[in-house]
Amino acid sequence: QVQLVESGGGLVQAGGSLRLSCAASGVTICISAMGWYRQAPGKERQLVATITSGGSTNYADSVKGRFTISRDNAKNTVYLQMNSLKPEDTAVYYCNAAVGCWVPLNYWGQGTQVTASS
């Protein structure tokens, strides 16, 4: 009953930037943590960054200093600003949200491809 739709992925040269957006719709009351995960071919899905409803953030070590996660609670949207992209950042990026006031459930977006070419 919650839908997450990502946008903003694409092809960029190494060193370039992209900004991903993820908009939640449906029953969006009590969205707690939102985050971004990524999965490259042949690899496990890994955490990129998370942000709580209060604005506390957490980043994977590999993206600290380069990526910034933010959210607009009024719009039920989370963003990922990606700067200084590297080829190893190439992956499908998935939006995640924990929704529910007392018993949160996890929802996932369909994913958006990010490719950083050398």
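A quick note: this is a predicted structure, and the numbers were derived from the prediction, not measured.
Checked options T57, V63, N58; the residue passing with I69 is T57 (criterion: side chain to side chain contact (heavy atoms under 4.5 Å, CB included)).
Residue L105 qualifies as enclosed at atom CG: its count of foreign heavy atoms under 6.0 Å is above 12. Counted within 6.0 Å of CD on E44, heavy atoms from surrounding residues, nucleotides or ligands total 12 or fewer; the atom is thus considered open.
Contact annotation: the side chain of C22 never approaches that of Y94 to less than 4.5 Å [non-hydrogen atoms, C-beta and beyond]. Within the 4.5 Å cutoff, the side chain of M82 has heavy atoms near those of the L20 side chain.
By the 6.0 Å and 45° rule, R19 stacks over the aromatic ring of Y79.
Under 4.0 Å is where a charged nitrogen must lie from a carboxylate oxygen, and between K64 and D61 at least one such pair does.
Separating the CE atom in M34 from the CG atom in N73 is a distance of 8.5 Å, to the nearest 0.5 Å.
With 3.5 Å as the limit, one finds no donor-acceptor pair spanning the side chains of E88 and T90. Side-chain contact annotation: D72 with T77, donor-acceptor N/O pair under 3.5 Å absent.
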Give every donor-acceptor pair under 3.5 Å between a side-chain atom in residues 3-15 and any protein atom, sequence neighbours left out.
from : atom 1 : to   : atom 2 : distance (Å)
Q3   : OE1    : S25  : OG     : 3.4
E6   : OE1    : Q110 : N      : 3.0
E6   : OE1    : Q110 : NE2    : 3.1
E6   : OE1    : G111 : N      : 3.0
E6   : OE2    : C95  : N      : 2.8
E6   : OE2    : G111 : N      : 3.2

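Between Y93 and F67, the ring-plane angle classifies as tilted under the 30° and 60° cut-offs.
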